[in-house]
Amino acid sequence: MSQDIVIPPNLLPTDGRFGSGPSLIRTEQMDELRQCATTVLGTSHRQSGVRHVVGDIREGLRELFAVPDGYEVVLGNGGATAFWDIICCNLITRRAACGVYGSFSAGLADAIRHTPFLHEPIINQAPAGSYTLPQYHPDVDAYCWAHNETSTGVQAPVTRIPGSERQAALTIIDATSAAAALPVNLHEADVYYCSPQKALGSDGGLWLSILSPAAIERANAIAASTRLEGARRWIPGFLSLTDAIAQSRKDQTRNTPAIATLILLRSQLQWLNDHGGLTWAVSRCQRSADTLYQWAERSDYASPFVTDPHARSQAVVTIDLDERLSADTIVRIMQRHGIVDIAGYRKLGRNQLRIGVFPSVDPDNVRALTHCIDYVAERCLDNGNTASHA
Ligand SMILES: *Cc1c(COP(=O)(O)O)cnc(C)c1O
């Protein structure tokens, strides 16, 4: 029976965490956290110890992403989901256009739709497994899409929509599972935001955002407009981007951050920058992703879900299994062996594996994972054949 399958230990990866977020945190980061156990942890975020960590993070992000002059690194509490509401309150003047091609790109579009003082967003939608950028529209002041759609394993380019600059519209990119895994030229975006528990390999709870001068100016103008007599817009203090900008300039956050998350993030940024920065990180992810896509293409029971090779994510890899094999069974057997979080995205409802191949994941372990899946799949298929002959 398939539940009795035991994978030989020599096939197993040395680390079985392949989640798409929260993702693998390297043990060296935990060592660094331990070193801060009696110095930074448990101390005030208004004092130099923690502020130093925040300063290093802001500097580390500048280096990693070659942040253009005039752009600022801003952070706050609440993760990318909170940042969606921040976008609604602080960055869209009237109307946005959104590319929607999965749960996460839909998340911002939904938040915009529910914001009473904004117009109905213009949605350009593509089926799961593909993407579409929002299209130019004369009545739009912000174009929004996701660099990597985590739910489906689709990556989209970051490039300004033709005509958007002439209308002074902002380009707002959800980079939550892309930042540090996919290449980006920040001149092509005004807002590049993420949470640190995915490609950046830290823990959750924070949002990080790189803002262009135009985005900062937009936030200032919108904040000023809310102070006018009869203004319809309300910006809750917790969602104030101008406040977050002011706090970040002092290497602080409005309220107390998770200091452990900050320390883990600093450690990860140092690791990435010491090893060759974004170029190195991207090529490492690419190696892991190529291993999986090539394995699936050679396999007679697995295939890449995303058909367009350019849209296949190098950060989150989705692999369809044919109906002779149950992804649930494979996932369960893997879990028993310490290989975790490789199930497809629940709401997508496919017979699918989804594998996070962020920079912290060792490409050799991705190779090992394919061997483990082959080992299990071959035995499941044999069992199936035996059963049908019985
Ligand atoms: C995970 C994810 C989010 C939500 O991040 P939280 O930190 O849970 O708020 C948003 N966008 C994308 C693309 C994601 O992958």
Side-chain angles (χ1 to χ4, degrees), residues 17-25 57 74-89 91 96 98-112 126 128-134 143-158 171-182 184 189 191-210 238-239 241 244 253 257-258 260-262 264-265 268 285 289 306 311 313-318 341-348 354-361:
R17 293 173 292 171
F18 294 99
S20 299
S23 64
L24 189 160
I25 293 172
I57 288 169
V74 178
L75 71 165
N77 283 311
T81 305
F83 201 77
W84 289 339
D85 291 329
I86 291 174
I87 291 169
C88 295
C89 289
L91 289 168
C98 302
V100 172
Y101 35 93
S103 287
F104 290 103
S105 44
L108 173 60
D110 280 345
I112 296 169
S130 60
Y131 72 85
T132 179
L133 301 190
Y143 292 90
C144 312
W145 69 96
H147 196 181
N148 191 65
E149 175 47 73
T150 320
S151 64
T152 60
V154 164
Q155 63 182 28
V158 175
T171 301
I172 301 178
I173 304 295
D174 183 345
T176 300
S177 58
L182 303 184
V184 67
V191 182
Y192 192 72
Y193 66 96
C194 66
S195 305
Q197 78 278 15
K198 299 195 179 175
L200 274 170
S202 176
D203 213 346
L206 283 177
W207 56 261
L208 309 162
S209 181
I210 301 170
F238 187 67
L239 300 179
L241 186 55
T253 46
T261 298
L262 293 171
L264 295 171
L265 176 57
Q268 184 70 352
C285 297
V306 178
S313 171
Q314 287 165 22
V316 173
V317 173
T318 44
D341 297 338
I342 62 167
Y345 192 74
R346 230 4 94 204
K347 280 190 255 172
L348 197 55
R354 184 177 62 141
I355 297 147
V357 291
F358 299 136
S360 290
V361 174

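Remember, it's 1-based here, ligands and their atoms both numbered in the order they're listed. The structure presented is a predicted model; accordingly, all values stated were derived computationally and were not measured.
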Would you sort out whether V316 and F358 count as a side chain to side chain contact (heavy atoms under 4.5 Å, CB included), showing the intermediate values? CA-CA 8 Å; V316 173; F358 299 136; 3.9 Å; yes
From the options G79, S195, A82, A178, select the one whose nearest heavy atom is closest to atom 7 (O) of ligand 1. S195
At under 4.0 Å between heavy atoms, is it the side chain or the backbone of T81 that contacts ligand 1, or both, or neither? both
Given that the side chain starts at C-beta and the backbone is N, CA, C, O, which of these parts of F83 lies under 4.0 Å from ligand 1, counting heavy atoms, or is it both or neither? neither
Q197 to ligand 1, any heavy atom closer than 4.0 Å: yes
Nitrogen or oxygen of T150 less than 3.5 angstrom from that of ligand 1: yes
Do the side chain of S151 and the main chain of S103 share a donor and acceptor less than 3.5 angstrom apart? yes
Side-chain donor-acceptor pair present, E149, S105, cut-off under 3.5 Å: yes
Out of curiosity, is W207 lining ligand 1, as in a heavy atom under 4.0 Å away? no
Would you compute the distance between atom CD1 of I57 and atom CG of L265 and round it to the nearest 0.5 angstrom? 4.0 Å
One pair to check against side chain to side chain contact (heavy atoms under 4.5 Å, CB included): T176 and F104. What are the steps and the verdict? CA-CA 9 Å; T176 300; F104 290 103; over 6 Å; no
Pick one of side chain, backbone, both or neither for how K198 approaches ligand 1, counting any non-hydrogen atom pair under 4.0 Å. side chain
In the protein, what heavy atom is nearest to atom 11 (N) of ligand 1, and what distance, to one decimal place, separates them? D174 OD2, 2.6 Å
Looking at ligand 1, would N148 count as a contact under a 4.0 Å heavy-atom criterion? yes
Heavy-atom check, side chain of T318 versus side chain of T152, under 4.5 Å: no
Should the ring pair Y131 and Y101 be called parallel, tilted or perpendicular, given that the plane angle runs from 0 to 90° and is split at 30 and 60? perpendicular
